[in-house]
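Take a look at the structure below.
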Protein chains: 2
Amino acid sequence: MSPPLDAFDRKLLMEIQRDAQTPQAELGARVNLSTAAVNRRLRRLAEDGVIERYTAVVAPDKVDHPLTIVVNVEVESEQIDQLDAMKRSFERCPQIQQCYYVTGEWDFVLILAVRNMDQYNALTRELFFANNNVKRFKTLVSMSRVKVGLEVPVEPGE
Amino acid sequence: MSPPLDAFDRKLLMEIQRDAQTPQAELGARVNLSTAAVNRRLRRLAEDGVIERYTAVVAPDKVDHPLTIVVNVEVESEQIDQLDAMKRSFERCPQIQQCYYVTGEWDFVLILAVRNMDQYNALTRELFFANNNVKRFKTLVSMSRVKVGLEVPVEPGE
DNA sequence: TCTGAAAATGGACCTTT
DNA sequence: AAAGGTCCATTTTCAGA
């Protein structure tokens, strides 16, 4: 189906993760390919789902969402349909940037961007208190976003 | 310095968070603005740091990093220089996508993308066991990435 | 807001392996 | 066949009037 990534693909992925606006000609110069070849590869990487999407990263504090909050959630029941319903409610909530279903002491880890504590408290009621499949949750308020990104390491290899 | 965002800015930000490749002409059609106006606004938003950067989101499993791991870390000492050193070591580690310094039971929350458990164990040694300012850490392995993004809600308001 | 130049993208076509 | 390169048309960006 999708051929394995070669060294060119990997370099391109590293570059466009750092800056998706780099012109294809510039990318070509960096990896030693013609712009046409770069163009073809990028299109293929997108078609194959290696590149999921292109996005602008917005500074939360500049758009009045200065508060980052991490929430651990434990559920009552791990029945599939219960879990699915919960996942959907998390997906739908715009303030939830990320939701991971995890093993261990907790079942979900959420990352939220909110306007203030009032908004978080309101969400807390909607998402957790109103949901009787939530056994307990723990709030960790972020004082500093030390590193924030979605970059995946792409080794030069092969 | 930077004038507050108006309704046009907000709509544009929503759009380009969803798809940063949307042509400015198309954006203009959606928000009811000429392409030139869109162009000026996007440039200004970037200059003002509202748009931090443009990036391609890569599927971790397609580049051999199928494992997402959340780690909670508690430190021994919260002395500034100790903390700074720790933050820098987290920033430098390419497998660490995100690092939040938080209040509460834990001091740091990390999100990692790794190739496999062996790689995680190795990182664990470098980052935690080799650092005597790490009191303890807890690993939460993600079984499913329910929602992953950095989108910040930008209300239509103003 | 409109117009036009410059830049970037992406297809056609030919060549190499 | 699969992938690269060159060339060219189209699209997009972006500045000046």
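Here is how names work: the chains are called A, B, and so on, in the same order as the sequence lines, proteins then strands, and each is numbered from 1. Side-chain atoms are counted along with the backbone in the values below, which use heavy atoms only and exclude waters and symmetry mates.
For the pair A/Lys87 and A/Tyr101, the distance from NZ or CZ to the six-membered ring centre is under 6.0 Å and the angle to the ring normal is within 45 degrees.
The pair B/Glu15-B/Arg30 counts as a salt bridge, with a side-chain nitrogen and a carboxylate oxygen less than 4.0 angstrom apart. A salt bridge links B/Arg115 to A/Glu155: at least one charged side-chain nitrogen sits closer than 4.0 Å to a carboxylate oxygen. The pair B/Arg18-B/Glu151 does not count as a salt bridge, with every side-chain nitrogen at least 4.0 angstrom from each carboxylate oxygen. Of the charged side-chain nitrogens involved, none lies within less than 4.0 Å of a carboxylate oxygen, so that B/Lys147 and A/Glu91 do not count as a salt-bridged pair. A salt bridge is absent between A/Arg53 and B/Asp19: the closest approach of a Lys/Arg side-chain nitrogen to an acidic carboxylate oxygen does not fall below 4.0 angstrom.
Between the P atom of D/dA3 and the CG atom of A/Leu42 lies a distance of 15 Å, rounded to the nearest Å.
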In B/S/- notation (B base, S sugar-phosphate only, - none; protein heavy atoms under 4.0 Å), nucleotides 10-17 of chain D written 5' to 3' is --SSBS--
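Bounding nucleotides for the chain B contact on DNA chain C, 5' to 3', at a heavy-atom distance below 4.0 Å, are C/dT1 to C/dC2.
One N or O on the side chain of A/Asn131 and one on the backbone of A/Asn133 form a donor-acceptor pair closer than 3.5 Å.
If you run ring-ring contact (aromatic ring centres under 6.0 Å, His included) between B/Phe137 and each of B/Trp106, B/Phe129, B/Phe108, only B/Phe129 comes through.
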